[in-house]
Amino acid sequence: GESVGLHLPTLSVQEGDNSIINCAYSNSASDYFIWYKQESGKGPQFIIDIRSNMDKRQGQRVTVLLNKTVKHLSLQIAATQPGDSAVYFCAENSGTYKYIFGTGTRLKVLA
Amino acid sequence: EAQVTQNPRYLITVTGKKLTVTCSQNMNHEYMSWYRQDPGLGLRQIYYSMNVEVTDKGDVPEGYKVSRKEKRNFPLILESPSPNQTSLYFCASWGTGKRETQYFGPGTRLLVL
(Lines give C-alpha, C1' and ligand atoms only; values in the text may rest on other atoms or scores of the structure.)
Protein backbone atom coordinates (compact mmCIF):
# COMPACT_ATOMS: atom_id res chain seq x y z
CA GLY A 1 0.00 0.00 0.00
CA GLU A 2 0.91 3.67 -0.04
CA SER A 3 3.45 4.89 2.46
CA VAL A 4 2.01 7.99 4.01
CA GLY A 5 4.91 8.61 6.34
CA LEU A 6 7.96 6.55 7.17
CA HIS A 7 8.60 8.21 10.52
CA LEU A 8 5.13 8.61 11.92
CA PRO A 9 4.52 8.03 15.62
CA THR A 10 2.60 4.80 16.08
CA LEU A 11 -0.08 3.93 18.55
CA SER A 12 -0.78 0.24 19.03
CA VAL A 13 -3.98 -0.77 20.80
CA GLN A 14 -5.77 -4.01 21.45
CA GLU A 15 -9.00 -4.59 19.60
CA GLY A 16 -11.86 -3.46 21.80
CA ASP A 17 -9.79 -0.95 23.78
CA ASN A 18 -10.17 2.80 23.49
CA SER A 19 -7.66 4.83 21.48
CA ILE A 20 -6.53 8.38 22.10
CA ILE A 21 -4.66 10.24 19.40
CA ASN A 22 -3.22 13.66 20.12
CA CYS A 23 -2.46 16.72 18.04
CA ALA A 24 -0.78 19.98 18.95
CA TYR A 25 -1.89 22.77 16.66
CA SER A 26 0.23 25.73 15.80
CA ASN A 27 -1.89 28.81 15.20
CA SER A 28 -3.57 30.42 18.19
CA ALA A 29 -5.96 32.12 15.76
CA SER A 30 -7.29 28.79 14.47
CA ASP A 31 -10.92 28.32 15.30
CA TYR A 32 -11.95 25.28 13.30
CA PHE A 33 -10.40 21.83 13.56
CA ILE A 34 -10.85 18.61 11.66
CA TRP A 35 -9.73 15.02 12.16
CA TYR A 36 -9.03 12.93 9.10
CA LYS A 37 -8.44 9.21 8.66
CA GLN A 38 -6.16 8.02 5.88
CA GLU A 39 -6.10 4.35 5.00
CA SER A 40 -3.35 2.85 2.93
CA GLY A 41 -3.79 3.72 -0.73
CA LYS A 42 -6.62 6.17 -0.13
CA GLY A 43 -7.15 9.85 0.30
CA PRO A 44 -7.91 11.44 3.69
CA GLN A 45 -11.48 10.97 4.90
CA PHE A 46 -13.35 13.30 7.23
CA ILE A 47 -14.04 11.86 10.67
CA ILE A 48 -15.21 14.71 12.87
CA ASP A 49 -14.77 18.44 13.29
CA ILE A 50 -15.07 20.98 16.08
CA ARG A 51 -15.28 24.73 16.31
CA SER A 52 -13.48 26.76 18.93
CA ASN A 53 -16.67 27.64 20.79
CA MET A 54 -16.85 24.01 21.89
CA ASP A 55 -14.58 21.87 24.09
CA LYS A 56 -15.97 18.51 23.11
CA ARG A 57 -17.91 16.97 20.29
CA GLN A 58 -19.07 13.41 19.89
CA GLY A 59 -19.76 11.33 16.85
CA GLN A 60 -20.32 7.66 16.31
CA ARG A 61 -17.63 5.96 18.43
CA VAL A 62 -15.42 9.06 18.16
CA THR A 63 -15.00 12.09 20.40
CA VAL A 64 -12.88 15.15 19.78
CA LEU A 65 -11.61 17.25 22.67
CA LEU A 66 -10.25 20.74 22.24
CA ASN A 67 -8.06 22.53 24.77
CA LYS A 68 -7.45 26.03 23.49
CA THR A 69 -5.32 27.00 26.45
CA VAL A 70 -2.54 24.64 25.45
CA LYS A 71 -3.47 24.40 21.75
CA HIS A 72 -4.17 20.71 21.94
CA LEU A 73 -6.65 18.50 20.16
CA SER A 74 -7.38 14.85 20.80
CA LEU A 75 -9.37 12.15 19.05
CA GLN A 76 -10.82 9.34 21.11
CA ILE A 77 -12.01 6.18 19.41
CA ALA A 78 -14.14 3.88 21.51
CA ALA A 79 -13.96 0.10 21.19
CA THR A 80 -11.27 0.21 18.54
CA GLN A 81 -11.79 -2.19 15.64
CA PRO A 82 -9.40 -3.61 13.02
CA GLY A 83 -10.98 -1.30 10.44
CA ASP A 84 -9.77 1.66 12.46
CA SER A 85 -6.16 0.91 11.54
CA ALA A 86 -4.97 3.91 9.55
CA VAL A 87 -3.08 7.17 9.81
CA TYR A 88 -4.97 9.91 11.62
CA PHE A 89 -4.14 13.58 11.34
CA CYS A 90 -5.63 16.85 12.40
CA ALA A 91 -6.13 20.03 10.42
CA GLU A 92 -6.71 23.59 11.58
CA ASN A 93 -8.27 26.63 9.95
CA SER A 94 -8.39 30.23 11.08
CA GLY A 95 -11.11 31.45 8.78
CA THR A 96 -8.94 31.85 5.71
CA TYR A 97 -8.62 29.60 2.71
CA LYS A 98 -5.56 27.97 4.21
CA TYR A 99 -5.67 24.76 6.18
CA ILE A 100 -2.68 23.52 8.19
CA PHE A 101 -2.31 19.77 8.42
CA GLY A 102 -0.49 17.76 11.05
CA THR A 103 1.91 14.98 10.13
CA GLY A 104 -0.25 12.24 11.59
CA THR A 105 -0.22 9.24 13.90
CA ARG A 106 -0.40 5.66 12.73
CA LEU A 107 -2.94 3.58 14.63
CA LYS A 108 -2.40 -0.17 14.68
CA VAL A 109 -5.13 -2.37 16.07
CA LEU A 110 -3.89 -5.66 17.50
CA ALA A 111 -6.18 -8.67 17.31
CA GLU B 1 -22.01 9.35 -5.36
CA ALA B 2 -20.29 12.54 -4.22
CA GLN B 3 -16.61 12.23 -4.99
CA VAL B 4 -13.35 13.72 -6.12
CA THR B 5 -11.57 11.75 -8.83
CA GLN B 6 -7.96 11.95 -9.95
CA ASN B 7 -6.15 10.47 -12.91
CA PRO B 8 -3.82 8.79 -13.25
CA ARG B 9 -3.43 7.05 -9.90
CA TYR B 10 0.16 6.09 -10.60
CA LEU B 11 2.63 7.72 -12.95
CA ILE B 12 6.30 7.16 -13.70
CA THR B 13 7.97 9.72 -15.91
CA VAL B 14 11.36 11.19 -16.72
CA THR B 15 12.82 14.57 -15.92
CA GLY B 16 11.57 17.30 -18.20
CA LYS B 17 8.62 15.49 -19.75
CA LYS B 18 5.50 17.59 -19.30
CA LEU B 19 2.61 15.91 -17.54
CA THR B 20 -0.90 16.71 -16.34
CA VAL B 21 -2.79 15.18 -13.45
CA THR B 22 -6.53 15.66 -13.73
CA CYS B 23 -8.94 16.31 -10.90
CA SER B 24 -12.71 16.41 -11.08
CA GLN B 25 -15.44 16.85 -8.46
CA ASN B 26 -19.18 16.32 -8.78
CA MET B 27 -20.31 18.27 -5.69
CA ASN B 28 -20.53 21.70 -7.34
CA HIS B 29 -17.88 22.96 -4.91
CA GLU B 30 -16.41 26.37 -5.52
CA TYR B 31 -13.07 25.68 -3.87
CA MET B 32 -10.45 23.22 -5.02
CA SER B 33 -6.86 22.64 -4.03
CA TRP B 34 -3.82 20.53 -4.78
CA TYR B 35 -1.58 19.13 -2.05
CA ARG B 36 1.52 17.04 -1.97
CA GLN B 37 2.26 14.57 0.79
CA ASP B 38 5.79 13.55 1.63
CA PRO B 39 7.14 11.28 4.40
CA GLY B 40 7.37 13.08 7.73
CA LEU B 41 5.53 16.15 6.48
CA GLY B 42 1.90 17.15 6.64
CA LEU B 43 -0.06 17.89 3.51
CA ARG B 44 1.40 20.95 1.84
CA GLN B 45 -0.73 23.12 -0.37
CA ILE B 46 0.51 23.70 -3.92
CA TYR B 47 -2.27 25.82 -5.42
CA TYR B 48 -5.88 26.49 -4.70
CA SER B 49 -8.82 27.92 -6.60
CA MET B 50 -11.76 29.91 -5.30
CA ASN B 51 -13.81 29.70 -8.48
CA VAL B 52 -13.56 29.46 -12.23
CA GLU B 53 -10.54 31.41 -13.50
CA VAL B 54 -9.50 32.33 -9.94
CA THR B 55 -6.41 30.59 -8.58
CA ASP B 56 -3.70 31.40 -6.07
CA LYS B 57 -0.43 29.99 -4.85
CA GLY B 58 -0.18 27.82 -1.80
CA ASP B 59 2.94 27.04 0.20
CA VAL B 60 4.91 25.12 -2.43
CA PRO B 61 3.88 26.34 -5.92
CA GLU B 62 7.30 26.25 -7.61
CA GLY B 63 7.38 23.96 -10.61
CA TYR B 64 3.60 23.60 -10.86
CA LYS B 65 0.80 25.23 -12.79
CA VAL B 66 -2.95 24.93 -12.51
CA SER B 67 -6.01 26.07 -14.41
CA ARG B 68 -9.70 26.31 -13.59
CA LYS B 69 -11.65 26.66 -16.79
CA GLU B 70 -14.65 24.76 -15.50
CA LYS B 71 -16.01 24.54 -11.99
CA ARG B 72 -15.68 20.79 -11.73
CA ASN B 73 -12.11 20.40 -13.04
CA PHE B 74 -8.79 21.53 -11.63
CA PRO B 75 -5.81 19.98 -13.44
CA LEU B 76 -2.27 20.10 -12.06
CA ILE B 77 0.43 20.66 -14.67
CA LEU B 78 4.12 19.93 -14.31
CA GLU B 79 5.76 21.64 -17.27
CA SER B 80 9.22 20.20 -16.63
CA PRO B 81 9.11 17.63 -13.82
CA SER B 82 12.15 17.10 -11.64
CA PRO B 83 12.99 14.28 -9.22
CA ASN B 84 12.15 16.48 -6.20
CA GLN B 85 8.55 16.47 -7.41
CA THR B 86 8.32 12.76 -6.74
CA SER B 87 5.51 12.63 -4.24
CA LEU B 88 1.93 11.64 -3.47
CA TYR B 89 -0.51 14.24 -4.73
CA PHE B 90 -4.04 14.90 -3.55
CA CYS B 91 -6.76 17.03 -4.99
CA ALA B 92 -9.45 18.37 -2.66
CA SER B 93 -12.64 20.33 -2.98
CA TRP B 94 -14.93 22.12 -0.56
CA GLY B 95 -17.95 24.36 -0.65
CA THR B 96 -17.63 27.83 0.81
CA GLY B 97 -13.94 28.18 1.50
CA LYS B 98 -13.59 28.63 5.23
CA ARG B 99 -14.23 26.54 8.29
CA GLU B 100 -15.47 23.45 6.54
CA THR B 101 -14.06 20.07 5.74
CA GLN B 102 -12.40 19.31 2.47
CA TYR B 103 -13.13 16.24 0.37
CA PHE B 104 -10.08 14.50 -1.00
CA GLY B 105 -9.42 12.45 -4.07
CA PRO B 106 -7.72 9.04 -3.89
CA GLY B 107 -4.26 10.38 -4.65
CA THR B 108 -1.75 10.21 -7.49
CA ARG B 109 1.62 8.61 -6.84
CA LEU B 110 4.22 10.30 -9.07
CA LEU B 111 7.77 9.10 -9.61
CA VAL B 112 10.10 11.33 -11.61
CA LEU B 113 13.29 9.61 -12.75
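Only this structure's heavy atoms are used, side chains among them; waters, hydrogens and symmetry mates stay out. Only a predicted model underlies this, so the values are computations on that prediction, with no experimental measurement involved. Convention: sequence-line order gives letters A, B, ...; per-chain numbering from 1.
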Hydrophobic cluster membership, A:Leu66 vs A:Met54, 4.5 Å side-chain cutoff: yes
statement: For B:Gly40 and A:Thr103 the tightest heavy-atom approach is O-CG2, 3.4 Å
statement: Cut-off 4.5 Å, heavy atoms of chain B, and the answer for A:Tyr32 is side chain
- request: Please state whether the side chain, the backbone, both or neither of B:Tyr103 comes within less than 4.5 Å of a heavy atom of chain A.
  value: neither
Pick from A:Ser94, A:Pro44, A:Gly43 with the largest number of heavy-atom pairs that fall under 4.5 Å of chain B: A:Pro44
task: Please assess A:Phe46 against B:Trp94 for the test ring pair (Phe, Tyr, Trp, His ring centres under 6.0 Å), listing each intermediate value before the final yes or no.
output: CA-CA 12 Å; A:Phe46 170 84; B:Trp94 65 107; over 10 Å; no
- line: Bottom line for B:Gln102: the part with an atom under 4.5 Å from chain A's heavy atoms is both
- line: Minimal heavy-atom distance between B:Met50 and A:Tyr97, with the atoms involved, is SD-CE1, 3.7 Å
statement: So CD of B:Gln45 and OH of A:Tyr99: to nearest 0.5 Å the spacing works out to 10.0 Å
- prompt: Would A:Leu75 and A:Ile50 show up in the same hydrophobic cluster when neighbours are defined by side-chain heavy atoms closer than 4.5 Å?
  reply: yes
task: Return the minimal non-hydrogen interatomic distance between B:Phe90 and A:Gln38, and the atom names on each side.
output: CZ-NE2, 3.1 Å
message: Take a 6.0 Å sphere around NZ of A:Lys68 and say whether it holds more than 12 heavy atoms from other residues, nucleotides or ligands.
response: yes
field: Contact class of A:Ser30 relative to chain B, heavy atoms under 4.5 angstrom
entry: neither
query: Same cluster for B:Tyr35 and B:Tyr48 if Ile/Leu/Val/Met/Phe/Trp/Tyr side chains link at under 4.5 Å?
result: yes
message: Please determine whether residues A:Leu65 and A:Leu73 belong to a single hydrophobic cluster, defined as Ile, Leu, Val, Met, Phe, Trp and Tyr linked transitively by side-chain heavy-atom distances below 4.5 Å.
response: no
query: Got more than 12 heavy atoms from elsewhere within 6.0 Å of CD1, B:Ile77?
result: yes
message: Atom NZ of residue position B:Lys65 - does it have more than 12 heavy atoms of other residues, nucleotides or ligands inside 6.0 Å?
response: no
- prompt: Mind checking whether A:Ile100 and B:Ile46 sit in one hydrophobic cluster, side chains of I, L, V, M, F, W, Y counted as touching below 4.5 Å?
  reply: no
query: Are a donor atom and an acceptor atom from the side chains of A:Tyr36 and B:Thr101 found within less than 3.5 Å of each other?
result: yes
task: Could you grab the distance from atom NZ of A:Lys42 to atom CZ of B:Phe104, nearest 0.5 Å is fine?
output: 15.5 Å
